[in-house]
Amino acid sequence: MATIELFNTLGGKIETLSPVDQKALRMYCCGPTVYDYGHIGNFRTFLHVDVLRRVIRQQGIPVQHVMNITDVDDKIIRNAGAAGVPIAQYTEKFERAFFEDLDALAIERPEYISHATACIPDMVSLIEQLAAKDIAYKAEDGSWYFRIARFPEYGKLSKKDFDGIEDGARVDIDEYEKDAARDFALWKAVKPGEQSWDTTLGTGRPGWHIECSAMATKFLGDDIDLHAGGEDLMFPHHENEIAQSESASGKPFVRHWMHVRFLLVEGKKMSKSEGNFYTLRDLLLKGYRASAIRFLLISVPYRHQMNFTFDSLIESTNAIDRLRTFHQRMLKGGFPHGCDQALSLLTGEARMAYTIALANDLNTAEARAAIFDLVRAANTAADTGMLRSENVTEIIGVLQLFDGVFAVLEDRDAAITRAALAWAEAEGRLDEAAPELVATLSFSDADIDALVAERTQAKKTRNFARADAIRNDLLQKGILIEDSKDGVRWKRK
RNA sequence: GCACCGAUGGCGAAGUGGCUAACGCGCUGGUCUGCAAAACCAGUAUUCAUGGGUUCAAAUCCCAUUCGGUGCUCCA
């Protein structure tokens, strides 16, 4: 069984990631809080987790992956209240949007998707286990808290030292309900007008941290192989999960922690006040392709802070076009039989370099480079007549390997953008869409094919003026025509 | 304030002690083409924020400085 080397936040170094039961890698990834549309920062994390699971499976290891949907929390309650709808109705819309966005970005569905509101009994049971050990305690208002003083290892993930804070010598007057300032909520007592559950703990709703502990354990057991999330979740969220789960089970909760670093947008932290905050849908409406967004967000390795810019989005678009053009060239066939040994060797080297790069802490940048090296070598061979059919078979095999992780070769972009436009129309936000986008997509494939055929006919009669007029006209609408030896092809820019 | 991370060509970005500093995009010239596009070829950082140090050897290790980022109340 193959393995990959992956940085482990817990040990602070690169360690081998492998399933402890030798059967399947059991992993948990913190999912979305469905109170709004997902932004590109959210998706950078989900995309890199997607890369991880694709790489693991490519190495022959099955994955058991759980993702939670947080469908009750402060922001949801606030927003649903403002909208005047029940929280279930409010979250349903954004959850559906979230899954549409995952599909647009070719992010695979985890094996288990679990709603917080469907696992309340599991959370209550976990809190009761902690209460039985006097680690959870009930405050005057009916909320339950975790007693951090009872978990000496608190801070081991984020490498924080809380000595002096948990002495108990000082008690914050404002926090009279809690025994210590750092203690965090496990269960929040009901407030007027809020959705609540009647349980043996009292009437209320779960805290955020307990959700993940309960759901990870429910589906994967007490000790799991890997837990992933954005870097900001390391503290306090993941630290609290460890405290809860390990206090309850008495065992190490997670062997391997993976944290994806934040991205910057145009050199700055993405925030609404900076005016550089983008959801996936914002970018689709601006005319950027879903495939380019995926490719860009995964091209920078997950442990590096990446700078998201519109220039680099265009770069990704062009890079994908190069890959797709090359892929089509290989699929077209018609190459002479046989095998060019030198190229075969290069193909094997590219495959090796690609595999090693990903196994080395998911170095997507190097993996990508290995593929482009192969593309250039094969294009050169094709141009000089050295490319043979057996080479093509090998090359397509490497491309499939590459696409098994990067998932950008299939062109679904027009359909995804159309869906985004339909959504914008339904939401009354069509004015946010780039005008040329609407024009380009209003042209059906059949319309374009007809015009392309007319141009080809004009060319045959050497009516180049007419042919060029059609080409320019289509170009104005964002459609690019390419004449090649084996016929005419077109694509949307 | 405390802690941590980063700074590589026009842009994005690999590389963390030793061949001519990957790869992509862009740009310039050439080949091909009716013209384009695609593709290929050639060129595009004597140099890796700045200063100092260690070493036979440093983008890579150490120190300082400057700048950028993150965490320190549930923001991926």
Side-chain angles (χ1 to χ4, degrees), chain A residues 12 29-33 38-49 70 73-75 155 158-162 165 175 181-182 184-185 188 207-209 211 228-237 240 259-264 267-272 277 295-297 299-326 328-329 353 357 363-384 459 462-465 467-468 471-472 475 480-485 488-491:
Chain A
C29 173
C30 293
T33 300
H39 57 71
I40 54 176
N42 297 120
F43 290 117
R44 164 142 140 117
T45 298
F46 293 121
L47 278 163
H48 277 288
V49 172
T70 298
D73 95 317
D74 292 341
K75 286 189 290 289
S158 51
K159 316 280 186 289
K160 289 182 191 301
D161 184 2
F162 295 104
I165 298 172
E175 299 284 355
R182 284 271 171 198
F184 58 88
K188 297 185 176 187
W208 177 41
H209 312 298
E211 287 179 21
E231 62 169 327
D232 62 313
L233 297 184
M234 197 162 82
F235 183 86
H237 183 54
N240 291 353
H259 289 99
V260 180
R261 286 206 71 180
F262 271 136
L263 59 75
L264 306 180
K268 293 198 166 135
K269 183 180 179 177
M270 183 170 66
S271 71
K272 286 180 178 163
F277 183 94
F295 199 54
L296 175 59
L297 291 176
S299 285
V300 179
Y302 76 97
R303 278 210 294 142
H304 293 247
Q305 187 174 61
M306 81 162 286
N307 186 15
F308 182 97
T309 65
F310 288 100
D311 283 347
S312 55
L313 205 41
I314 292 166
E315 179 270 325
S316 289
T317 307
N318 293 340
I320 290 172
D321 273 343
R322 178 171 165 85
L323 293 171
R324 285 179 180 168
T325 302
F326 174 72
Q328 291 306 316
R329 187 179 197 184
N363 193 332
T364 45
E366 281 202 340
R368 198 187 117 141
I371 297 306
F372 278 106
D373 281 336
L374 177 63
V375 170
R376 190 178 352 90
N379 267 326
T380 303
D383 281 1
T384 55
K459 273 178 61 185
R462 302 193 65 80
N463 183 356
F464 293 121
D468 289 353
R471 184 170 67 192
N472 288 333
L475 192 61
L480 202 65
I481 293 186
E482 296 173 359
D483 298 329
S484 73
K485 281 196 284 284
V488 185
R489 59 170 181 258
W490 60 265
K491 64 187 177 193

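In the text below, chain A, chain B and the rest are named by the order of the sequence lines, each starting its count at 1.
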Side chain of [X] (C-beta onward), nearest among [options]:
X        : options                : value
A:Phe464 : B:rG34, B:rG12, B:rC40 : B:rG34
A:Glu366 : B:rC40, B:rG15, B:rC35 : B:rG15
A:Met270 : B:rG34, B:rA38, B:rA76 : B:rA76
A:Leu480 : B:rA37, B:rG34, B:rG24 : B:rA37
A:His39  : B:rA38, B:rC75, B:rG34 : B:rC75

Check your understanding: Quick one: is B:rG71 close enough that its OP1 or OP2 comes under 4.0 Å of any side-chain N or O from A:Lys269?
Key ->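 The answer is yes; a side-chain N or O of A:Lys269 sits under 4.0 Å from OP1 or OP2.
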Check your understanding: Hey, is the side chain of A:Arg322 poking within less than 4.0 Å of OP1 or OP2 on B:rC23, counting only N and O atoms?
Key ->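 So the side chain of A:Arg322 is outside the cut-off, no N or O lying under 4.0 Å from OP1 or OP2 of B:rC23.
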Determine the Euclidean distance between corresponding [atom1] atoms of [M] and [N]; express it in Å to zero decimal places.
N      : M      : atom1 : result
B:rG10 : B:rG43 : C1'   : 15 Å
B:rC11 : B:rA45 : C1'   : 14 Å
B:rC40 : B:rC23 : P     : 13 Å
B:rA57 : B:rC19 : C1'   : 13 Å
B:rC32 : B:rU20 : C1'   : 30 Å

Review point. Rounded to the nearest Å, what distance is computed from the NE2 atom of residue A:His259 to the P atom of nucleotide B:rU70?
Key: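 In whole Å, B:rU70 P and A:His259 NE2 are 17 Å from each other.
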**Study point:** Gap between atoms CG and C1', on A:Leu374 and B:rA22 respectively (whole Å)
**Key:**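 From A:Leu374 CG to B:rA22 C1': 15 Å.
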Exercise for review: Check RNA chain B for consecutive Watson-Crick or G-U pairs with both distances under 3.5 Å and list the runs of at least three as stems.
Suggested key: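 When the pairs of RNA chain B are grouped into runs of at least three, the stems are B:1-7 with B:66-72, B:10-12 with B:23-25, B:26-31 with B:39-44, B:49-53 with B:61-65.
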**Study point:** Pairwise side-chain contact, A:Tyr302 with A:Val49, heavy-atom cut-off 4.5 Å (strictly under)
**Key:**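 The answer is no; the side chains never approach within 4.5 Å.
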Practice item. Please work out if A:Asn318 contacts a base, only the sugar-phosphate, or nothing of the nucleic acid, heavy-atom cut-off 4.0 Å. Key: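 Result for A:Asn318 = sugar-phosphate.
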**Study point:** Any donor-acceptor N/O pair under 3.5 Å between B:rA36 base and A:Arg471 side chain
**Key:**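 Answer is yes: a donor-acceptor pair is held.
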